[in-house]
Amino acid sequence: MLYIDGTWRKIGGNGTFPVHDPATGEAIGQAADAGRREAGEAVTAALRAFEGWSARTAYERSTYLYRAYRIMTERSEDLARLMTREQGKPIRAARNEVRYATDFLLWFAEEAKRNYGETIPAPRADQRFLVLRQPVGVVAAITPWNYPVSMITRKVAPALAAGCTVVVKPAEQTPLCAVEVFRVLEEAGVPPGVANLVTARDPEPVAAEFLENPAVAKLTFTGSTEVGKLLARAAADRIQRVSLELGGHAPFIVFDDVDPAHAAKGAALVKFLNTGQACICPNRIFVQRTVAEPFLETLVQRVSRLRAGCGLEEGVSIGPLVDRAALEKVDRQVRDAVARGARVVCGGRRLTDDGLDRGWFYAPTVLTGVTPDMLIYREETFGPIAPVLVFDDEEQVVEMANDTTYGLAAYVYTRDLSRALRTVERLRFGIVGVNDINPTAAAAPFGGWKESGLGREGGREGLLEYLETKLVGFSI
Ligand code: NAD
């Protein structure tokens, strides 16, 4: 379904396309297949709605977001079940994601009212300076499949709070979740044209419209670094504003002053989150030599216990990968690592028993003996593989952790306060968890350094991404 100017359309310019359950391969629905023309219509609707929406008071805009928060909260179980079928994550994880998604609606309902300006002392006695923060205008948003609900609210809620209007293009793997998010916005009474949805099988024509239509003031994107670079390059042509939340390659550092079993528990939880398909999943686990053995023992114990299957089944904690390409990428990284001397301690193969061959399942895997010449040491894995490396001292591990073009999340396990601070300060990452595997919340700024992105989502900063600064000088 497309949602343009307050009206639903079942069919796009290119008809419809099927949506599949990645656990079974079954078709679970159809989505409207929009082309460039519908993207243009949605941008036009957003532009028309902009003046009225941005002129409302922050208090009014906030009310819509509160309502959306309440409606999505009421629907959370249905939304979570749909997410499990469409994206594959186990139902408990899907419930957590819906909660995270509603958090953004609530947080930005509140932040809408805190769009403060500034006054600045002027150098002349007869001068006054005023700084205003005004909405950038029409925002185009492109979102990924791995967090198909929260990645939409993380963009739409601050955009609407700031006074912008939006057009969202969700990932082609998860359009049905996006439709449900927009049903919530519709029921919350968000006026026609303020929030628009274009689902499409082929992202390129829609993205071309977003990039070339002069009415689109800002592009916000969450997805791979590769596509982020393409979009940023094209956006540069007209200095279109961009926010980019891209890939990661998180180091997970375990010093020998912690309980290695506790750290291993943490590593297993965050590594296998969403079957490893999260941008903050550890991609290199560094363990100090003196605790490497007990750490590995607990890690392998826990990983071997993880049960893969359809996410709606009780006790399943590993869902499928999103598609064949993802499965092949993971398998290629494992085979490359083994060819270069790594050891598979558990897992290391596609799962095909008990009907799992209908989906894209890969066994939760632990690799040891990982070295910098392996693909997995450089490429984002986005799958259930835990590569373990042993280190000797702090200096060496910080250098290795920073040896990546990515800079999203990093984790440090230590009880030594000085070491924790020293390490945190030297890590070139946007988010660092110290003995903490979930350093994220709607109230906190999320985003990456280096090739992991530009800008922040959530927190106070999340609103600023949708605002322009205007300096006003008064001569009095
Ligand atoms: P992707 O880049 O393939 O796709 C993301 C979105 O971009 C989808 O909507 C897709 O349709 C669209 N897209 C793909 N090719 C395009 C093109 N040529 N032009 C315009 N749009 C295009 O990424 P993905 O596989 O869907 O998502 C996984 C990636 O997202 C990972 O790299 C992950 O780390 C990243 N991610 C980052 C964050 C973050 O906050 N930093 C959060 C979630 C996911």
Side-chain angles (χ1 to χ4, degrees), residues 17 22 31 33-34 36 39 87-89 97 100-101 104 140-155 167-175 177-178 197-212 219-235 242-250 273-283 321-327 329-330 360 379-383 404-409 429-431 439-440 442 444-459 461-462 465:
F17 63 101
D33 193 358
R36 186 160 179 167
Q87 192 267 333
K89 71 182 60 170
E97 184 188 335
Y100 186 49
F104 287 105
I142 300 181
T143 57
W145 50 266
N146 64 339
Y147 286 86
V149 173
S150 58
M151 294 302 100
I152 295 178
T153 58
R154 194 160 84 167
K155 295 183 188 306
V167 182
V168 176
K169 192 215 73 69
E172 52 277 22
Q173 296 89 342
T174 53
C177 279
L197 174 70
V198 284
T199 52
R201 189 205 301 252
D202 179 1
E204 286 184 31
V206 174
E209 183 65 22
F210 288 172
L211 289 159
E212 290 166 25
L219 179 69
T220 170
F221 171 76
T222 297
S224 60
T225 294
E226 188 192 350
V227 173
K229 284 182 184 177
L230 281 176
L231 297 175
R233 249 179 240 131
V242 287
S243 291
L244 303 169
E245 291 285 351
L246 308 177
H249 205 279
L273 189 70
N274 204 12
T275 312
Q277 301 171 111
C279 49
I280 60 165
C281 281
N283 223 128
L321 291 167
V322 69
D323 54 24
R324 178 191 294 277
L327 189 87
K329 179 181 183 189
V330 165
W360 310 115
E379 276 183 7
E380 187 180 34
T381 301
F382 239 54
T404 168
T405 52
Y406 292 104
L408 189 58
F429 293 81
I431 302 164
T440 60
F446 186 105
W449 288 19
K450 303 199 293 190
E451 293 191 12
S452 287
L454 274 182
R456 291 294 178 272
E457 291 192 320
E461 292 83 346
E465 297 289 318

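Quick caveat: nothing in here was measured; it's all calculated off a predicted structure. Residue numbers count from 1 along this sequence. Note that ligands are numbered from 1 as they come in the structure, with each ligand's atoms numbered from 1 the same way.
The closest protein non-hydrogen atom to atom 8 (C) of ligand 1 is Thr143 O, 3.3 Å. The nearest heavy-atom contact from the protein to atom 21 (N) of ligand 1 is Pro203 CB, 3.6 Å. Of the protein's heavy atoms, Glu172 OE1, 3.6 Å lies nearest to atom 10 (C) of ligand 1. For atom 38 (C) of ligand 1, the closest heavy atom belonging to the protein is Cys279 SG, 3.0 Å. At the shortest separation from atom 35 (C) of ligand 1 among protein heavy atoms lies Gly223 O, 3.2 Å. For atom 28 (C) of ligand 1, the nearest protein heavy atom (residue, atom name, distance) is Phe382 CE2, 3.5 Å. Closest protein heavy atom to atom 34 (O) of ligand 1: Glu380 OE2, 2.6 Å. Of the protein's heavy atoms, Phe221 CE1, 3.2 Å lies nearest to atom 7 (O) of ligand 1.
By the criterion of a heavy-atom distance under 4.0 Å, neither the backbone nor the side chain of Gln277 is placed next to ligand 1. Only the side chain of Asn146 comes within 4.0 Å of ligand 1, counting heavy atoms alone; its backbone N, CA, C and O stay farther away. Contact annotation: for Arg154 versus ligand 1, heavy atoms closer than 4.0 Å belong to the side chain alone.
In this structure a side-chain-to-backbone donor-acceptor pair under 3.5 Å is present from Gln277 to Asn274. Of the possible donor and acceptor atoms, none in the side chain of Asp33 sits under 3.5 Å from a partner among the backbone N and O of Ala200. Formation of a donor-acceptor pair under 3.5 Å by the Asp323 side chain with backbone atoms of Pro22 is not found in this model. Side-chain atoms of Lys329 come within 3.5 Å of backbone N or O of Glu380 as a donor-acceptor pair. Checked by atom type and distance alone, the side chain of Thr222 never pairs as donor or acceptor with a backbone atom of Pro144 at under 3.5 Å. Without hydrogens or angle criteria, Ser452 side chain to Gly407 main chain gives a donor-acceptor distance under 3.5 Å.
The aromatic rings of Phe382 and Trp145 lie perpendicular to each other, with more than 60° between the two planes, well past the 30° mark.
Of the listed options Ile142, Asn274, Thr222, Asp202, Thr222 places a heavy atom closest to atom 5 (C) of ligand 1. Among Leu231, Thr199, Leu246, the residue whose heavy atom lies closest to atom 41 (N) of ligand 1 is Leu246. Summarising the contacts of atom 23 (O) of ligand 1 with Ser224, Pro205, Ala207, the nearest heavy atom is found in Ser224.
The closest approach between Tyr147 and ligand 1 stays at or above 4.0 Å for every heavy atom of the residue.
Between Pro175 and Pro170, the shortest heavy-atom contact is CA-CG, 4.3 Å. Nearest approach of Asn283 to Gly248, heavy atoms of both residues: OD1-O, 4.3 Å. Pairing each heavy atom of Ala278 with each of Tyr147, the nearest pair is CB-OH, 3.6 Å.
Residue Ser452 has no nitrogen or oxygen atom sitting less than 3.5 Å from a nitrogen or oxygen atom of ligand 1, judged on distance alone. Residue Lys169 has at least one nitrogen or oxygen atom sitting less than 3.5 Å from a nitrogen or oxygen atom of ligand 1, judged on distance alone.
Near Glu204, with a cut-off below 4.0 Å to any heavy atom, the atoms of ligand 1 are 17 (C), 18 (N). Annotation for ligand 1: atoms under 4.0 Å from non-hydrogen atoms of Leu408 are 41 (N).
A salt bridge does not link Glu465 with Arg154: none of the charged nitrogens is closer than 4.0 Å to a carboxylate oxygen. A salt bridge is absent between Glu172 and Arg201; no separation between the charged side-chain nitrogens and carboxylate oxygens falls under 4.0 Å.
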